[in-house]
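Beneath this line is the structure, given in structure tokens, with notes to follow.
From a predicted model like this one, the values you see are computed outputs, not experimental measurements. Letters A, B, ... mirror the listed sequences (proteins, then strands); counts begin at 1.
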2 protein chains.
Amino acid sequence: MKVTINDVAKLAGVSMKTVSRVINKEPSVRKKTYDLVMSAVNELNYQPNIAARNLAGTSSFAIGLVYDNPNAYYVIDMQNGVLSRCKEEGYELVIHPCSYHDDNMQEEFKTMIKRSRLAGLVLTPPLSEQQSIIDMLDELGVHYVRLLSGRDTDINERNNCILVNDYAAAYEITEHLISLGHKRIAFVLGDKEHKSTSERLAGYHKALKAHNIERSDSLIYEGSYSFESGVNGAKELLKNGNPNNITAILGGNDEVAAGALFAARLMNIDIPAELSITGFEDSPFSRQTWPKLTTAHQANNVISEHAARLLFSKARGSRQQDKDVKTTFTPSLVVRESTGYAK
Amino acid sequence: MKVTINDVAKLAGVSMKTVSRVINKEPSVRKKTYDLVMSAVNELNYQPNIAARNLAGTSSFAIGLVYDNPNAYYVIDMQNGVLSRCKEEGYELVIHPCSYHDDNMQEEFKTMIKRSRLAGLVLTPPLSEQQSIIDMLDELGVHYVRLLSGRDTDINERNNCILVNDYAAAYEITEHLISLGHKRIAFVLGDKEHKSTSERLAGYHKALKAHNIERSDSLIYEGSYSFESGVNGAKELLKNGNPNNITAILGGNDEVAAGALFAARLMNIDIPAELSITGFEDSPFSRQTWPKLTTAHQANNVISEHAARLLFSKARGSRQQDKDVKTTFTPSLVVRESTGYAK
DNA sequence: AAGAAAATTGACAGCGTTGTCATTGTGGCA
DNA sequence: TGCCACAATGACAACGCTGTCAATTTTCTT
């Protein structure tokens, strides 16, 4: 019933170890032997036993994805990207959502790492930006790759990071609004624990400056990456008859923008005639509002796939830094119906 | 560095096997011995090696969640529910999205099952409703629990199913609309491959009949569980000046309802003054549209947690059918702003 | 063509648990 | 008290693979 490595070895007429070499794609196996073994593998439909490999080998055949993010679309994209790479490599994916607010999270996290002896971890914001976590992983000697908001110049982040250039993207979005004649542009920020928040804010400031538009703190609402925050932010910014003459609102992400849209509707404000709104990320969200959102496209599944790629190439030993691993991504502007000329 | 079962045994002054018994909660260990071992476990902060347990034991310490569902909120809820149970039991969760359209999916699926020797599987619709999959799993002798749309009376579905009574929920939703005076109630159906679609339709029919309202095929749009389908369905149903005098639309789920809402807005139809719309599932979606959706609340995370519960209780050997496993769930009506009196 | 170096393969001992079965301890009953 | 049944524990061999290192074969030198 169960086919083991011995059965394959017997059929191929080689030693068990040689079969092991073949399935692990180790070098120094003659082509002829390789083919011989592979045909035996196929004939018997052999599936290596993961548990045995984990036990005998130094590293395991599973990687972990760690996140603390309430945004379902984001998480699913991340999972799918990493998963597609895992499939390719014959690894399993263990998902590990956790809450960074939780005090004993870190301890629990450590336990789980030690238990499962994962081959590596993909960390997403904001955990990827938390120094204490990084330190712990370094101490434990675990391979990991961090997904971060950052610019090309941030290469001091060693070589285990995938950077998303929110700064440039925010610049582009802001400039788009400016080009439509907007000058009083508000910003509903995301969680301040996320580096993306400060990066996006910095990009926005930079664009304002480049076009000689004065910045004002009264245009900034410090919120979080949620629909509710978008609602509250817009309400706050526009209350009392919009004293700041805001003509456009940058949403920290698509959810926030959708929330702002919602609030605008409650206040009978027409989008985009009276107010322009933009999102960030281009999640399905941005196509399911009315009107559809102008946003910055960020292919989270592609990004996370590259994160996994980088992780595997690191875990395999840094023989070669895979060239097809792209380590910097810049979201690009997608113009839809939620932005228009300033009134 | 690494603490093994031997270290614990030595410290506790018992044999390795006894420690094994304790950590596996096997009966027939004296209380005194148990405490002795446990204190050694705690002192050394011992973590059993999962790989070794998998290899030596008959079943592994991970379960799988299988889904083919584009709805991110749904998937995340499912994952989180199962995950919370896994944490409790010290198991890992391996996620396995797959596409039932894909021809070699089944083969690939089989391979992965054999590879990872999972302790069990939680299957979600529509895969849980696909006979060929069930047959394959039976043949492989894998434990599984199915999440299905069905009624209490469907107990012929052996005892490894968790039922969601969409029939009753659709009845309730439809009755809600009828009580508001609606008589021309349209229905944008979900994918026909999903049993929930026919169940929801049946509940709707039943409610119409109970209130002597004639049914009409011209009020039914056969779509799928997506936003786009909701848009198209509503457009189709209401086109040419709404010849069927539709005053309410049942969305197959919240996404569909959101799509219908979107379409209505494009057609300048006021919700709920001119048209009532309802969703299904009470996903975050239903609170992020304007107006918010009347829907049927379905706690997917709770449901999936119970599915995992059931799976564990089965896998442990059917000693006792855990009484705290609830196997039937009926979504309940949540009235929000998208429904109103018929005009 | 012999000898050395390099490439390829194999033998064998773990990896850290659990299953099996044998051994020891404990309490009940005649 | 002595014997038996049964509960509690232990010894030891798997589980299916990989790491190590030694043996063999091939290739290259001169």
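- Taking atom CG of B:L36 as the reference point, atom P of D:dT9 lies 10 Å away to the nearest angstrom.
- Of the candidate nucleotides D:dT26, D:dG16, C:dG10, C:dG10 has the atom nearest to the side chain of A:K17.
- Applying the 3.5 Å distance criterion, the base of D:dG19 shares no donor-acceptor pair with the side chain of A:R21.
- Note on B:N24: a side-chain N or O is less than 4.0 Å away from OP1 or OP2 of C:dT18.
- Each of D:dC21, D:dG16, C:dT17 was ranked by its minimum atom distance to the side chain of A:A56; first place goes to D:dG16.
- The side chain of A:A52 lies closest to D:dC17 when the candidates are C:dT9, D:dC17, C:dT17.
- Separating the CD atom of A:E26 from the C1' atom of C:dA7 is a distance of 14 Å, rounded to the nearest angstrom.
- Picking from C:dT20, D:dC17, C:dC15 the nucleotide with the shortest atom distance to the side chain of A:R53 gives D:dC17.
- Taking side-chain N and O atoms only, A:S15 has a distance below 4.0 Å to OP1 or OP2 of C:dG10.
- A donor-acceptor contact closer than 3.5 angstrom is absent between the side chains of A:E305 and A:N301.
- Of the candidates C:dG10, D:dG10, C:dG16, C:dG10 carries the atom nearest the A:V14 side chain, counting heavy atoms from C-beta on.
- Taking the six-membered ring where the residue is Trp, the centroids of A:H96 and A:Y67 are separated by 6.0 Å or more.
- Side-chain atoms of B:N49 and B:Q47 form no donor-acceptor pair, as typed in the model, at a separation below 3.5 Å.
- Taking CG of A:L55 as the start and CD1 of A:I50 as the end, the distance is 13.5 Å to the nearest 0.5 Å.
- The nearest whole Å value for the distance from the NZ atom in A:K25 to the P atom in D:dT18 is 12 Å.
- The side chain of A:M16 has C:dC12 as its nearest neighbour among C:dT18, C:dC12, C:dT9.
- Protein atom CG of A:N49 is 18 Å distant from nucleotide atom P of C:dC15, rounded to whole Å.
- Phosphate contact (OP1/OP2 of D:dA7, side-chain N/O of B:S28, threshold under 4.0 Å): absent.
- B:Y34 has no side-chain polar atom (N or O) that falls below the 4.0 Å cut-off from OP1 or OP2 of D:dT9.
- Taking the charged nitrogens against the carboxylate oxygens, A:E129 and A:K195 have no contact shorter than 4.0 Å, which rules out a salt bridge.
- Closest contact between the side chain of B:T18 and the listed nucleotides D:dG19, D:dG10, C:dG16 involves D:dG10.
- Protein atom NZ of B:K32 is 12 Å distant from nucleotide atom C1' of D:dA8, rounded to whole Å.
- In this model, the phosphate group of C:dT9 is approached by a side-chain N or O of A:T33 to a distance below 4.0 Å at OP1 or OP2.
- Atom NZ of B:K31 is separated from atom C1' of D:dA7 by 18 Å (rounded to the nearest Å).
- For B:E193 and B:Q130, the side-chain atoms include no donor-acceptor pair closer than 3.5 Å.
- Each of B:R30 and B:A51 was assigned the nucleotide of DNA chain C with the nearest heavy atom; the assignment lying further toward the 5' end belongs to B:A51.
- One atom, CG of A:N6, and another, P of C:dA11, lie 11 Å apart when rounded to the nearest Å.
- The interatomic distance linking B:I50 (CD1) with D:dC15 (C1') rounds to 17 Å, in whole Å.
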